[in-house]
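Taking it in order: structure first as C-alpha coordinates, then the write-up.
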Number of protein chains: 2
Amino acid sequence: MRETKDRILDALECVLIESGPAAATLETVAARAQVSKGGLLYHFGGKEALFNGLLDRLRELGAKDASTQNDRGALAAYLATSSRAEDAYTRTLLASMRLIGTPGIDVENAIADSLDHWADVLATTIDDPLVRRLVMLVGDGLYLRALLGAQRRPLDDDLVGLIESLATR
Amino acid sequence: MRETKDRILDALECVLIESGPAAATLETVAARAQVSKGGLLYHFGGKEALFNGLLDRLRELGAKDASTQNDRGALAAYLATSSRAEDAYTRTLLASMRLIGTPGIDVENAIADSLDHWADVLATTIDDPLVRRLVMLVGDGLYLRALLGAQRRPLDDDLVGLIESLATR
DNA sequence: GTCTATAATCGGATAGAC
DNA sequence: GTCTATCCGATTATAGAC
(Lines give C-alpha, C1' and ligand atoms only; values in the text may rest on other atoms or scores of the structure.)
Protein backbone atom coordinates (compact mmCIF):
# COMPACT_ATOMS: atom_id res chain seq x y z
CA MET A 1 0.00 0.00 0.00
CA ARG A 2 1.16 3.53 -0.70
CA GLU A 3 3.08 5.33 2.02
CA THR A 4 0.75 6.37 4.78
CA LYS A 5 2.11 9.89 4.78
CA ASP A 6 1.18 10.33 1.13
CA ARG A 7 -2.22 8.82 1.69
CA ILE A 8 -2.85 11.34 4.46
CA LEU A 9 -1.88 14.25 2.24
CA ASP A 10 -4.13 12.93 -0.52
CA ALA A 11 -6.96 12.77 1.98
CA LEU A 12 -6.22 16.32 3.12
CA GLU A 13 -6.43 17.56 -0.46
CA CYS A 14 -9.78 15.85 -0.96
CA VAL A 15 -11.29 17.28 2.19
CA LEU A 16 -9.97 20.79 1.50
CA ILE A 17 -11.25 20.86 -2.07
CA GLU A 18 -14.60 19.27 -1.31
CA SER A 19 -15.47 20.81 2.03
CA GLY A 20 -13.06 23.63 2.80
CA PRO A 21 -10.61 24.30 5.61
CA ALA A 22 -13.17 24.27 8.41
CA ALA A 23 -13.93 20.65 7.63
CA ALA A 24 -10.28 19.66 7.59
CA THR A 25 -10.14 18.39 11.16
CA LEU A 26 -7.60 15.80 12.18
CA GLU A 27 -10.34 13.24 12.61
CA THR A 28 -11.96 13.81 9.23
CA VAL A 29 -8.65 13.69 7.40
CA ALA A 30 -7.54 10.62 9.30
CA ALA A 31 -10.79 8.80 8.53
CA ARG A 32 -10.48 9.65 4.86
CA ALA A 33 -6.95 8.28 4.84
CA GLN A 34 -8.11 5.19 6.70
CA VAL A 35 -5.95 5.71 9.76
CA SER A 36 -6.85 6.73 13.27
CA LYS A 37 -6.25 10.15 14.69
CA GLY A 38 -3.33 8.75 16.63
CA GLY A 39 -1.92 7.22 13.49
CA LEU A 40 -2.04 10.55 11.71
CA LEU A 41 -0.38 12.31 14.61
CA TYR A 42 2.51 9.89 14.46
CA HIS A 43 3.37 11.14 10.97
CA PHE A 44 2.50 14.78 11.47
CA GLY A 45 3.02 16.17 14.95
CA GLY A 46 0.00 18.43 14.78
CA LYS A 47 -2.26 20.42 12.56
CA GLU A 48 0.37 22.94 11.53
CA ALA A 49 2.77 20.16 10.59
CA LEU A 50 0.05 18.55 8.51
CA PHE A 51 -0.64 21.76 6.61
CA ASN A 52 3.04 22.41 6.12
CA GLY A 53 3.28 18.92 4.72
CA LEU A 54 0.89 19.96 1.98
CA LEU A 55 2.93 23.06 1.20
CA ASP A 56 6.07 20.92 0.99
CA ARG A 57 4.33 18.73 -1.54
CA LEU A 58 3.33 21.84 -3.49
CA ARG A 59 6.94 23.00 -3.71
CA GLU A 60 8.07 19.52 -4.70
CA LEU A 61 5.56 19.14 -7.51
CA GLY A 62 6.19 22.68 -8.68
CA ALA A 63 9.88 22.00 -9.12
CA LYS A 64 9.18 18.76 -10.99
CA ASP A 65 6.68 20.45 -13.29
CA ALA A 66 9.10 23.21 -14.11
CA SER A 67 11.87 20.90 -15.27
CA THR A 68 9.48 18.74 -17.27
CA GLN A 69 7.74 21.39 -19.27
CA ASN A 70 10.64 23.60 -20.04
CA ASP A 71 10.93 22.29 -23.56
CA ARG A 72 7.32 21.93 -24.61
CA GLY A 73 5.27 24.86 -25.76
CA ALA A 74 5.36 26.57 -22.41
CA LEU A 75 2.59 29.01 -23.11
CA ALA A 76 0.03 26.45 -24.18
CA ALA A 77 1.07 24.20 -21.31
CA TYR A 78 0.62 26.97 -18.79
CA LEU A 79 -2.79 28.01 -19.98
CA ALA A 80 -3.90 24.42 -20.15
CA THR A 81 -2.67 23.64 -16.65
CA SER A 82 -4.37 26.65 -15.15
CA SER A 83 -7.76 25.53 -16.37
CA ARG A 84 -7.47 21.84 -15.56
CA ALA A 85 -7.70 20.25 -12.15
CA GLU A 86 -6.91 16.68 -13.04
CA ASP A 87 -3.16 16.68 -12.65
CA ALA A 88 -1.57 16.31 -9.24
CA TYR A 89 0.10 19.70 -9.26
CA THR A 90 -3.07 21.66 -9.88
CA ARG A 91 -4.96 19.63 -7.30
CA THR A 92 -2.33 20.36 -4.68
CA LEU A 93 -2.31 24.03 -5.62
CA LEU A 94 -6.06 24.32 -5.42
CA ALA A 95 -6.11 22.55 -2.06
CA SER A 96 -3.37 24.85 -0.77
CA MET A 97 -5.38 27.87 -1.83
CA ARG A 98 -8.08 26.80 0.57
CA LEU A 99 -5.57 27.36 3.36
CA ILE A 100 -5.01 31.01 2.55
CA GLY A 101 -5.22 32.98 5.75
CA THR A 102 -4.43 30.12 8.10
CA PRO A 103 -2.32 31.57 10.90
CA GLY A 104 1.06 30.09 11.63
CA ILE A 105 1.95 28.85 8.15
CA ASP A 106 3.13 30.82 5.13
CA VAL A 107 0.65 29.59 2.54
CA GLU A 108 0.64 32.85 0.67
CA ASN A 109 4.34 32.76 -0.07
CA ALA A 110 4.30 29.11 -1.05
CA ILE A 111 1.52 29.78 -3.53
CA ALA A 112 2.98 32.99 -4.88
CA ASP A 113 6.30 31.20 -5.45
CA SER A 114 4.49 28.37 -7.12
CA LEU A 115 2.73 30.73 -9.51
CA ASP A 116 5.81 32.82 -10.12
CA HIS A 117 7.95 29.87 -11.10
CA TRP A 118 5.93 29.78 -14.30
CA ALA A 119 7.27 33.18 -15.16
CA ASP A 120 10.69 31.61 -15.64
CA VAL A 121 9.27 28.88 -17.83
CA LEU A 122 7.41 31.42 -19.92
CA ALA A 123 10.54 33.48 -20.33
CA THR A 124 11.87 30.85 -22.74
CA THR A 125 8.91 31.45 -25.04
CA ILE A 126 7.86 35.05 -24.59
CA ASP A 127 10.47 37.74 -24.96
CA ASP A 128 8.43 40.82 -24.18
CA PRO A 129 8.23 41.15 -20.37
CA LEU A 130 5.03 43.12 -20.67
CA VAL A 131 3.27 40.40 -22.61
CA ARG A 132 4.68 37.88 -20.20
CA ARG A 133 3.11 39.68 -17.28
CA LEU A 134 -0.17 39.81 -19.16
CA VAL A 135 -0.09 36.08 -19.75
CA MET A 136 0.77 35.43 -16.12
CA LEU A 137 -2.20 37.48 -14.97
CA VAL A 138 -4.51 35.60 -17.32
CA GLY A 139 -3.25 32.35 -15.81
CA ASP A 140 -3.77 33.70 -12.30
CA GLY A 141 -7.29 34.65 -13.29
CA LEU A 142 -7.95 31.11 -14.45
CA TYR A 143 -6.74 29.79 -11.11
CA LEU A 144 -9.04 32.14 -9.23
CA ARG A 145 -11.97 30.91 -11.29
CA ALA A 146 -10.95 27.34 -10.58
CA LEU A 147 -10.85 28.20 -6.88
CA LEU A 148 -14.38 29.54 -7.16
CA GLY A 149 -15.36 26.20 -8.60
CA ALA A 150 -16.39 27.46 -12.00
CA GLN A 151 -17.05 24.54 -14.27
CA ARG A 152 -13.67 24.01 -15.75
CA ARG A 153 -14.57 24.91 -19.32
CA PRO A 154 -11.43 24.56 -21.38
CA LEU A 155 -10.09 27.88 -22.51
CA ASP A 156 -11.52 28.88 -25.89
CA ASP A 157 -9.16 28.19 -28.73
CA ASP A 158 -9.89 31.70 -29.95
CA LEU A 159 -8.62 33.21 -26.74
CA VAL A 160 -5.48 31.09 -26.78
CA GLY A 161 -4.94 32.24 -30.35
CA LEU A 162 -5.28 35.87 -29.38
CA ILE A 163 -2.77 35.45 -26.57
CA GLU A 164 -0.34 33.60 -28.80
CA SER A 165 -0.51 36.33 -31.40
CA LEU A 166 0.56 38.76 -28.69
CA ALA A 167 3.31 36.48 -27.49
CA THR A 168 4.95 36.15 -30.86
CA ARG A 169 4.57 39.59 -32.30
CA MET B 1 -22.14 56.13 16.81
CA ARG B 2 -22.40 54.11 13.62
CA GLU B 3 -24.94 51.34 13.49
CA THR B 4 -23.75 48.40 15.53
CA LYS B 5 -24.54 46.00 12.73
CA ASP B 6 -22.22 47.86 10.39
CA ARG B 7 -19.52 48.05 13.01
CA ILE B 8 -19.70 44.29 13.43
CA LEU B 9 -19.34 43.71 9.70
CA ASP B 10 -16.40 46.10 9.59
CA ALA B 11 -14.80 44.14 12.41
CA LEU B 12 -15.43 40.88 10.57
CA GLU B 13 -13.69 42.24 7.48
CA CYS B 14 -10.68 43.29 9.53
CA VAL B 15 -10.32 39.94 11.23
CA LEU B 16 -10.79 37.99 8.01
CA ILE B 17 -8.24 40.04 6.08
CA GLU B 18 -5.69 40.17 8.88
CA SER B 19 -5.98 36.71 10.39
CA GLY B 20 -8.12 34.50 8.16
CA PRO B 21 -11.34 32.59 8.65
CA ALA B 22 -10.11 30.40 11.50
CA ALA B 23 -9.58 33.50 13.61
CA ALA B 24 -13.03 34.85 12.84
CA THR B 25 -14.72 33.52 15.97
CA LEU B 26 -17.78 35.19 17.38
CA GLU B 27 -15.79 36.34 20.37
CA THR B 28 -12.92 37.83 18.39
CA VAL B 29 -15.22 39.66 16.00
CA ALA B 30 -17.38 40.91 18.84
CA ALA B 31 -14.36 42.21 20.75
CA ARG B 32 -13.10 44.02 17.66
CA ALA B 33 -16.50 45.63 17.22
CA GLN B 34 -16.56 46.53 20.91
CA VAL B 35 -19.64 44.52 21.76
CA SER B 36 -20.06 41.32 23.72
CA LYS B 37 -20.71 37.95 22.18
CA GLY B 38 -24.31 38.26 23.29
CA GLY B 39 -24.56 41.68 21.71
CA LEU B 40 -23.32 40.34 18.41
CA LEU B 41 -25.74 37.43 18.53
CA TYR B 42 -28.63 39.82 18.94
CA HIS B 43 -27.91 41.30 15.50
CA PHE B 44 -26.83 38.10 13.78
CA GLY B 45 -28.49 34.93 14.98
CA GLY B 46 -25.39 32.81 14.53
CA LYS B 47 -22.17 32.40 12.63
CA GLU B 48 -23.82 31.60 9.33
CA ALA B 49 -26.02 34.66 9.61
CA LEU B 50 -22.94 36.76 10.31
CA PHE B 51 -21.14 35.49 7.25
CA ASN B 52 -24.23 35.91 5.11
CA GLY B 53 -24.38 39.47 6.36
CA LEU B 54 -20.99 40.07 4.78
CA LEU B 55 -22.14 38.57 1.48
CA ASP B 56 -25.22 40.81 1.55
CA ARG B 57 -22.96 43.80 1.95
CA LEU B 58 -20.89 42.56 -0.98
CA ARG B 59 -23.93 42.40 -3.24
CA GLU B 60 -25.06 45.81 -2.06
CA LEU B 61 -21.74 47.52 -2.73
CA GLY B 62 -21.38 45.72 -6.04
CA ALA B 63 -24.69 47.06 -7.28
CA LYS B 64 -23.78 50.58 -6.16
CA ASP B 65 -20.39 50.42 -7.85
CA ALA B 66 -21.91 49.22 -11.08
CA SER B 67 -24.33 52.13 -11.42
CA THR B 68 -21.67 54.67 -10.48
CA GLN B 69 -18.95 53.68 -12.86
CA ASN B 70 -21.01 52.93 -15.87
CA ASP B 71 -20.15 56.22 -17.50
CA ARG B 72 -16.49 56.61 -16.61
CA GLY B 73 -13.80 54.82 -18.53
CA ALA B 74 -14.90 51.40 -17.42
CA LEU B 75 -11.75 49.60 -18.39
CA ALA B 76 -9.38 51.83 -16.49
CA ALA B 77 -11.73 51.85 -13.52
CA TYR B 78 -11.87 48.07 -13.45
CA LEU B 79 -8.16 47.54 -13.63
CA ALA B 80 -7.57 50.20 -11.02
CA THR B 81 -10.13 48.72 -8.63
CA SER B 82 -8.72 45.24 -8.93
CA SER B 83 -5.33 46.36 -7.77
CA ARG B 84 -6.41 48.62 -4.95
CA ALA B 85 -7.73 47.57 -1.57
CA GLU B 86 -8.58 50.94 -0.14
CA ASP B 87 -12.15 51.28 -1.26
CA ALA B 88 -14.96 49.61 0.65
CA TYR B 89 -16.01 47.37 -2.19
CA THR B 90 -12.60 45.79 -2.68
CA ARG B 91 -12.15 45.33 1.06
CA THR B 92 -15.46 43.52 1.32
CA LEU B 93 -14.62 41.39 -1.68
CA LEU B 94 -11.21 40.44 -0.33
CA ALA B 95 -12.70 39.59 3.05
CA SER B 96 -15.39 37.48 1.39
CA MET B 97 -12.74 35.60 -0.52
CA ARG B 98 -11.34 34.41 2.78
CA LEU B 99 -14.62 32.61 3.31
CA ILE B 100 -14.31 30.47 0.20
CA GLY B 101 -15.04 26.89 1.16
CA THR B 102 -17.08 27.66 4.23
CA PRO B 103 -19.88 25.09 4.37
CA GLY B 104 -23.45 26.26 4.54
CA ILE B 105 -23.10 29.57 2.70
CA ASP B 106 -22.75 30.23 -1.02
CA VAL B 107 -19.66 32.43 -1.01
CA GLU B 108 -18.48 31.19 -4.35
CA ASN B 109 -21.58 32.31 -6.17
CA ALA B 110 -21.69 35.67 -4.44
CA ILE B 111 -18.10 36.34 -5.46
CA ALA B 112 -18.48 35.03 -8.99
CA ASP B 113 -21.54 37.24 -9.45
CA SER B 114 -19.63 40.14 -8.06
CA LEU B 115 -16.78 39.64 -10.50
CA ASP B 116 -19.07 38.94 -13.42
CA HIS B 117 -21.08 42.10 -12.98
CA TRP B 118 -18.02 43.92 -14.27
CA ALA B 119 -18.45 42.11 -17.55
CA ASP B 120 -21.63 44.11 -18.15
CA VAL B 121 -19.89 47.35 -17.33
CA LEU B 122 -17.01 46.50 -19.64
CA ALA B 123 -19.45 45.67 -22.43
CA THR B 124 -20.11 49.39 -22.85
CA THR B 125 -16.44 49.97 -23.66
CA ILE B 126 -15.16 46.80 -25.29
CA ASP B 127 -17.03 45.40 -28.25
CA ASP B 128 -15.02 42.26 -28.94
CA PRO B 129 -16.23 39.55 -26.53
CA LEU B 130 -12.89 37.80 -26.78
CA VAL B 131 -10.94 40.83 -25.67
CA ARG B 132 -13.53 41.38 -22.97
CA ARG B 133 -12.91 37.92 -21.60
CA LEU B 134 -9.17 38.55 -21.70
CA VAL B 135 -9.57 41.74 -19.71
CA MET B 136 -11.83 40.01 -17.19
CA LEU B 137 -9.24 37.32 -16.63
CA VAL B 138 -6.50 39.89 -16.11
CA GLY B 139 -8.72 41.55 -13.50
CA ASP B 140 -9.36 38.21 -11.84
CA GLY B 141 -5.64 37.60 -11.77
CA LEU B 142 -5.10 40.92 -10.01
CA TYR B 143 -7.65 39.95 -7.40
CA LEU B 144 -5.93 36.64 -6.79
CA ARG B 145 -2.65 38.46 -6.26
CA ALA B 146 -4.39 40.83 -3.87
CA LEU B 147 -5.76 37.83 -2.00
CA LEU B 148 -2.24 36.48 -1.71
CA GLY B 149 -1.28 39.76 -0.15
CA ALA B 150 1.11 40.86 -2.86
CA GLN B 151 2.16 44.40 -2.23
CA ARG B 152 -0.41 46.23 -4.19
CA ARG B 153 1.91 47.73 -6.79
CA PRO B 154 -0.25 49.79 -9.13
CA LEU B 155 -0.58 48.21 -12.52
CA ASP B 156 2.14 49.43 -14.87
CA ASP B 157 0.94 52.14 -17.21
CA ASP B 158 2.58 50.18 -20.01
CA LEU B 159 0.44 47.16 -19.32
CA VAL B 160 -2.73 49.23 -19.18
CA GLY B 161 -1.70 50.73 -22.50
CA LEU B 162 -1.24 47.30 -24.05
CA ILE B 163 -4.65 46.20 -22.86
CA GLU B 164 -6.29 49.39 -24.07
CA SER B 165 -4.77 48.98 -27.49
CA LEU B 166 -6.42 45.57 -27.64
CA ALA B 167 -9.72 46.91 -26.40
CA THR B 168 -10.00 49.57 -29.06
CA ARG B 169 -8.59 47.83 -32.07
C1' DG C 1 3.55 2.28 13.28
C1' DT C 2 -0.95 2.18 14.65
C1' DC C 3 -4.62 1.95 17.98
C1' DT C 4 -7.91 3.43 22.10
C1' DA C 5 -8.98 6.31 25.80
C1' DT C 6 -8.79 10.47 27.95
C1' DA C 7 -7.47 15.12 29.28
C1' DA C 8 -7.79 19.95 28.29
C1' DT C 9 -9.39 23.65 25.59
C1' DC C 10 -12.17 26.29 22.74
C1' DG C 11 -16.09 27.96 20.28
C1' DG C 12 -21.07 28.37 19.36
C1' DA C 13 -25.26 29.12 21.30
C1' DT C 14 -28.94 29.76 25.16
C1' DA C 15 -31.08 32.06 29.26
C1' DG C 16 -32.06 35.66 31.78
C1' DA C 17 -30.73 40.20 34.18
C1' DC C 18 -30.34 45.06 33.26
C1' DG D 1 -30.05 46.52 22.69
C1' DT D 2 -26.52 44.95 25.33
C1' DC D 3 -24.40 42.33 29.01
C1' DT D 4 -22.84 38.10 32.00
C1' DA D 5 -23.08 33.41 33.11
C1' DT D 6 -23.45 28.92 31.71
C1' DC D 7 -23.98 24.65 29.00
C1' DC D 8 -22.75 21.59 25.45
C1' DG D 9 -20.43 19.75 21.62
C1' DA D 10 -16.33 19.52 18.90
C1' DT D 11 -11.35 19.40 18.39
C1' DT D 12 -6.54 19.23 19.49
C1' DA D 13 -3.30 16.79 21.75
C1' DT D 14 -1.33 13.36 25.17
C1' DA D 15 -0.53 8.75 27.34
C1' DG D 16 0.04 4.31 27.08
C1' DA D 17 -1.32 -0.49 25.22
C1' DC D 18 -0.52 -3.59 21.30
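Naming: A, B, ... by sequence-line order, numbering from 1 per chain. Keep in mind that this is a model prediction, so the values were computed, not measured.
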Where the side chain of [X] is concerned, which of [options] is the nearest nucleotide?
X: Leu26(A); options: dC3(C), dA13(D), dC3(D); answer: dA13(D)
X: Val35(A); options: dC3(C), dG12(C), dT2(D); answer: dC3(C)
X: Leu41(A); options: dA13(D), dT4(C), dT11(D); answer: dA13(D)
X: Lys37(B); options: dT2(C), dA13(D), dA13(C); answer: dA13(C)

Using a strict cut-off of less than 4.0 Å between a Lys/Arg side-chain nitrogen and an Asp/Glu carboxylate oxygen, indicate whether Asp140(A) and Arg145(B) qualify as a salt bridge. yes
Under 4.0 Å between a side-chain nitrogen and a carboxylate oxygen: does that hold for Arg32(A) and Glu18(A)?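 So Arg32(A) pairs with Glu18(A) through a salt bridge.
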Once you round to the nearest 0.5 Å, how far does CD of Gln34(B) lie from CG of Leu40(B)? 13.5 Å
Closest heavy-atom contact between Ala22(A) and Pro103(B)?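 Here Ala22(A) and Pro103(B) meet closest at CB-CD, 4.3 Å.
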When the distance from [atom1] of [X] to [atom2] of [N] is rounded to whole Å, what number comes out?
X: Phe44(B); N: dG11(C); atom1: CZ; atom2: P; value: 20 Å
X: His43(A); N: dA13(D); atom1: NE2; atom2: C1'; value: 17 Å
X: Leu40(B); N: dA13(C); atom1: CG; atom2: C1'; value: 12 Å
X: Glu3(A); N: dG1(C); atom1: CD; atom2: P; value: 8 Å
X: Lys47(B); N: dG11(C); atom1: NZ; atom2: P; value: 9 Å
X: Glu27(A); N: dT9(C); atom1: CD; atom2: P; value: 20 Å
X: Glu48(A); N: dA13(D); atom1: CD; atom2: P; value: 8 Å
X: Leu50(A); N: dT11(D); atom1: CG; atom2: P; value: 15 Å

Walk me through whether Ser114(A) and Tyr89(A) qualify under side-chain hydrogen bond (donor to acceptor under 3.5 Å, both in side chains). CA-CA 10 Å; Ser114(A) 185; Tyr89(A) 171 75; 2.5 Å; yes
Just checking Thr25(B): base, sugar-phosphate only, or nothing, at a heavy-atom cut-off of under 4.0 Å?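 Here Thr25(B) touches the backbone only, sparing every base.
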Just checking Gly45(A): base, sugar-phosphate only, or nothing, at a heavy-atom cut-off of under 4.0 Å?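 Contact class for Gly45(A): none.
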Reckon Thr4(B) has a side-chain N or O less than 4.0 Å from the OP1 or OP2 of dT2(D)?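 It does, given that an N or O in the side chain of Thr4(B) lies less than 4.0 Å from OP1 or OP2 of dT2(D).
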Below 4.0 angstrom from OP1 or OP2 of dT2(D), is there any side-chain N or O of Tyr42(B)?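 For dT2(D), neither OP1 nor OP2 has a side-chain N or O of Tyr42(B) closer than 4.0 Å.
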Assign each of Gly38(A) and Ala22(A) to its nearest nucleotide of DNA chain D by heavy atoms, then name whichever residue's nucleotide is nearer the 5' end.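 It is Ala22(A), whose closest nucleotide lies nearer the 5' terminus.
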